Every structure is written in structure tokens, then in C-alpha cells.
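Worth saying up front: this structure is predicted, and the values here are computed from it rather than measured. In each ligand, atom 1 is the first atom listed, and ligand 1 is the first ligand listed.
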Amino acid sequence: MPAMTPVLVVGGGLAGAAAAIDLAGAGGAPLLIEREAGEHDKICGEFLSGEAVAALAGLGIDARALGAVPITRVTLHAGCRQASALLPFPALSLSRRVLDAAMLEQAARVGVEVERGVSVRGIAGGIAQTTAGDISADTLLLASGKHDVRGAPRPDGPDEIGFKMYFRAPALSARLAGTVAVTFFDGGYAGLQPVEGGRLNLCLLVDGAHYRDLGSWPALLARLCREPGLAPLADAQPLLPRPLAISRVPYGHLARASDDGVWRLGDQAAVIPSFCGDGMAIALESGRLAAQMLGQGARAPDYQRVLLARTRRPVTLAMAALAVARHPAGRLAAIAGLSAIPGGLALLARLTRVADPHALAVA
Ligand SMILES: Cc1cc2nc3c(=O)[nH]c(=O)nc-3n(C[C@H](O)[C@H](O)[C@H](O)COP(=O)(O)OP(=O)(O)OC[C@H]3O[C@@H](n4cnc5c(N)ncnc54)[C@H](O)[C@@H]3O)c2cc1C
């Protein structure tokens with residue numbers, strides 16, 4: 001006999017934890033399963049947009065109190081060209097190690113049953129097969145993020161590899177204070193920004209064939225340091241023994257309503273190109289929306305349709321911007337255009353946001 005639970009949340013990242021916190025706050029008793037046994041680093045640029053910060057506050061998480069540093073400016077680099085603008089919203093930068101742990105602590109505090117170190121191997125017909133036995137759930141929320149679960153596949157992403165490394169570089173950190181710097185290069189793009197603890201987070205996406213030509217992480221780093229926006233990293237001290245890596249992220253994926261009864265949250269529902277720095281906001285808001293709609297008696301397909309309507313525009317726009325940035329002439333022209341139009345870059349940053357955080361109420 002499988003164990004039984006009214007609501008099972010698979011994955012304790014931002015989407016799963018957000019849903020579980022709100023469900024518990026509304027009197028539910030969700031069970032959340034997270035495969036990592038303890039705090040861990042995660043591949044992410046760690047840029048928290050204004051909506052993400054607001055959603056966190058609504059969940060009882062004060063990112064500033066956790067040590068988040070303010071980000072007020074974005075700069076775009078392509079070769080020697082550069083565009084810079086103040087962000088049209090207050091943003092923060094906080095490591096996922098700290099943020100995700102705080103979310104699960106908050107979940108446990110408000111009454112969520114959190115089981116760490118348990119992995120879901122597959123789902124079928126409302127039953128999750130886990131490393132600790134089968135669990136039967138009336139409602140199953142799939143929030144396993146970048147990782148697919150057997151029984152609920154997503155389309156495969158392109159042949160691209162994501163990397164993340166922390167660095168210590170005091171002079172560069174001082175120069176970059178308050179800034180997220182995005183560099184587009186042949187074969188990919190990279191984001192560099194300060195994060196708590198006086199560190200810099202370098203997070204990037206590179207075409208798989210380009211990386212294989214280079215052959216190794218040190219060779220890729222040396223290649224990146226030829227870009228004017230990243231050159232100072234050549235003298236920086238790496239802080240992880242090796243970079244975190246991920247491949248085939250399905251950028252542009254938007255989950256449609258399906259009849260399998262599964263509620264898809266976060267990266268399982270919508271994957272926005274990383275350079276927009278809005279994936280965490282989508283994750284948080286999808287979790288909060290799922291909890292709200294579940295409380296109102298909605299069904300999974302209704303929720304999926306509402307979420308799709310909110311995520312389609314920013315994801316589609318971000319994919320279009322990415323297509324332009326992938327072409328050398330396109331990105332140079334785009335940066336020239338953005339620096340020539342007052343407010344152009346700020347407008348682009350605003351248009352690629354998922355939604356007004358206060359517009360979550362379901363009509
Ligand atoms: C290179 C890169 C850079 C990015 N930079 C940014 C950025 O700067 N700003 C931003 O807002 N977004 C960024 N994003 C996007 C952001 O990281 C994601 O959108 C966000 O983490 C999605 O949250 P989630 O909760 O859906 O998934 P995740 O954060 O991936 O959480 C999923 C959780 O589920 C757990 N899990 C997975 N499989 C199982 C299983 N089988 N059983 C149990 N548990 C499981 C995992 O351990 C994990 O904790 C970036 C993404 C990439 C790839």
C-alpha cells in the first residue's frame with residue numbers, strides 16, 4: 001500500500017517551496033519532497049528581479065535580511081560596444097544556497113512536511129515512486145525544475161551548456177557594485193554580478209559545439225577573458241573546485257494544459273532565457289498561483305492555462321531577443337540601438353518580466 005497525502009509537492013526549489021508555504025498558510029498539509037539532503041549550490045545567475053523580491057516578501061522571506069546585495073544597474077556588452085541603464089525596478093542578488101535553504105526552513109516553520117534526501121523516480125496516475133517508497137497523492141505539484149521526472153517528460157533543449165563559478169576579485173567587485181553585467185559573445189552569453197560574501201557570480205550559457213572545440217573549462221574561461229566586459233576575471237580567484245554545469249535547458253518551453261492531472265510549476269511550466277533574470281520570479285509566482293487556485297477548487301488544466309497566459313509574452317519576447325543576440329551583427333546593432341534610445345534598455349527589462357506581482361489574483 002502506498003503512503004497517502006492530500007497534496008504532494010515534488011521538488012523544494014523556489015516554485016515548490018512557494019506553493020507549499022502558501023498551501024500551509026491556507027490550512028493545508030502538503031508534503032514536499034526534495035532530493036538534495038542539505039544546503040547546496042545551484043546553477044543560477046542569482047539575480048532577483050523586483051517581482052521575485054516582492055513574491056519572496058509575500059512568503060515571509062526578507063532577502064535583504066538574508067544578506068542579499070542590491071542591484072540597480074544593467075550593462076550589456078558585445079565586443080567593444082556597451083549599453084547601460086538603471087533597472088526600472090529594485091533588484092537584489094542572493095546565492096541560491098542561502099535562498100533555497102531559507103525557503104525550506106520557512107516551509108517547515110509554517111507546517112509543511114518537508115522530506116529531504118528523497119528523490120522521486122517517476123510519477124504515474126497520481127502515484128509518485130520515490131526512493132523512500134510509493135506515495136499516492138490527491139494532487140501532485142511537479143516542481144522538479146531543471147530536471148525531468150519519468151512519466152512527465154518535457155521537450156529536450158538545444159545543445160547548450162550552462163556553467164556557474166564564484167570568484168573573489170576585490171577590485172572588480174568594487175567596480176561592479178550594484179551592477180549586473182551581461183556579455184554576449186560568439187557561441188553564448190555570460191552574466192557577472194556581485195553576490196553576498198564579497199563574491200562575484202559568473203553564470204553563462206555556451207553552445208555545446210563551441211565548448212567541445214575549446215575542450216575544457218579553463219580554455220572556456222580564457223576565451224571569455226578575451227571579451228572586454230569579462231577581461232578582469234583573468235586575475236580573479238575561483239572559489240569552487242569546479243564549475244557547476246547543466247546541459248540542454250529547454251529555453252522557450254511553455255507547458256500547455258494537459259489531462260494527466262499534474263500541476264506543473266516553475267521551470268516545469270515555463271523556461272525563460274537566463275539573461276532576462278526572471279526565471280526565479282516565474283517559479284515563485286507559479287507556485288503562489290497554484291496554491292491560490294488549488295484553494296479555490298480549480299483543476300490543473302485551469303491553472304496551467306492561467307499561467308500560460310501570464311508567461312507567454314515575456315518568454316516569447318525573451319526568445320526573440322535571444323535570437324537577435326545570437327547573431328554578431330544583430331547584437332551589435334541591438335546594443336547600438338539600445339544605447340541610442342533613452343530608456344530602451346530599461347523598457348526591454350520591464351517587458352521581459354512575468355507579471356505585476358500584485359496581479360496574481362485569479363478573476
Ligand atoms: C544558467 C542559468 C542562469 C540563470 N540565472 C537566473 C537569474 O539570474 N535569475 C533568475 O531569476 N533566474 C535565473 N535562472 C533560472 C532559475 O534558476 C530557474 O528558473 C529557477 O531556479 C526555477 O525554479 P524551480 O523551483 O522551478 O526549479 P529549481 O530551482 O531547479 O528547483 C527544483 C528542485 O527540485 C529538486 N528535484 C529535482 N528533481 C527531483 C526529484 N526527482 N525528486 C525530488 N526532488 C527533485 C531539485 O533538487 C531542486 O531543488 C537561470 C537558469 C540557468 C540555467
May I ask which of [options] has a heavy atom nearer to [atom] than the others do?
atom	options	value
atom 17 (O) of ligand 1	Gln193, Lys146, Glu115, Glu51	Lys146
atom 21 (O) of ligand 1	Arg96, Met280, Gln129	Arg96
atom 6 (C) of ligand 1	Ala281, Gly45, Gly162	Gly45
atom 32 (C) of ligand 1	Gly11, Ser119, Ala143	Ala143

Does some non-hydrogen atom of [X] fall short of 4.0 Å from ligand 1?
X	result
Ala52	no
Tyr189	no
Val118	yes

With the threshold set at 4.0 Å, does a side-chain nitrogen-carboxylate oxygen contact exist between [X] and [Y]?
X	Y	value
Arg116	Glu105	no
Arg310	Glu285	no
Lys42	Glu46	no
Arg212	Asp159	yes

Can you name the atoms of ligand 1, numbered from 1 with element, that are less than 4.0 Å from a heavy atom of [X]?
X	value
Gly266	26 (O)
Ile33	43 (C), 44 (N)
Glu46	7 (C), 8 (O)
Glu36	47 (O)
Leu14	25 (O)
Lys42	28 (P), 29 (O), 31 (O), 48 (C), 49 (O)
Ala15	25 (O), 26 (O)
Tyr251	52 (C), 53 (C)

Checklist entry - Does a donor on one side chain and an acceptor on the other come within less than 3.5 Å for Tyr166 and Gln237? => result no
Checklist entry - Do the side-chain N and O atoms of Arg73 and Ser84 include a donor-acceptor pair separated by under 3.5 angstrom? => result yes
Checklist outcome for this item: With sequence neighbours left out, the residues meeting ring-ring contact (aromatic ring centres under 6.0 Å, His included) with Tyr211 are Phe163
Checklist entry - Has ligand 1 got any nitrogen or oxygen that is less than 3.5 angstrom from a nitrogen or oxygen of Ile246? => result no
Next on the checklist: Do Ile272 and Tyr251 land in one hydrophobic cluster if side-chain heavy atoms of ILVMFWY residues count as linked below 4.5 Å?
Outcome noted: yes
Checklist entry - Heavy-atom count around Arg109 CZ within 6.0 Å, excluding the residue itself: above 12? => result yes
Next on the checklist: Which label fits Tyr189 and Phe184: parallel for a plane angle under 30°, tilted from 30 to 60°, or perpendicular past 60°?
Outcome noted: tilted
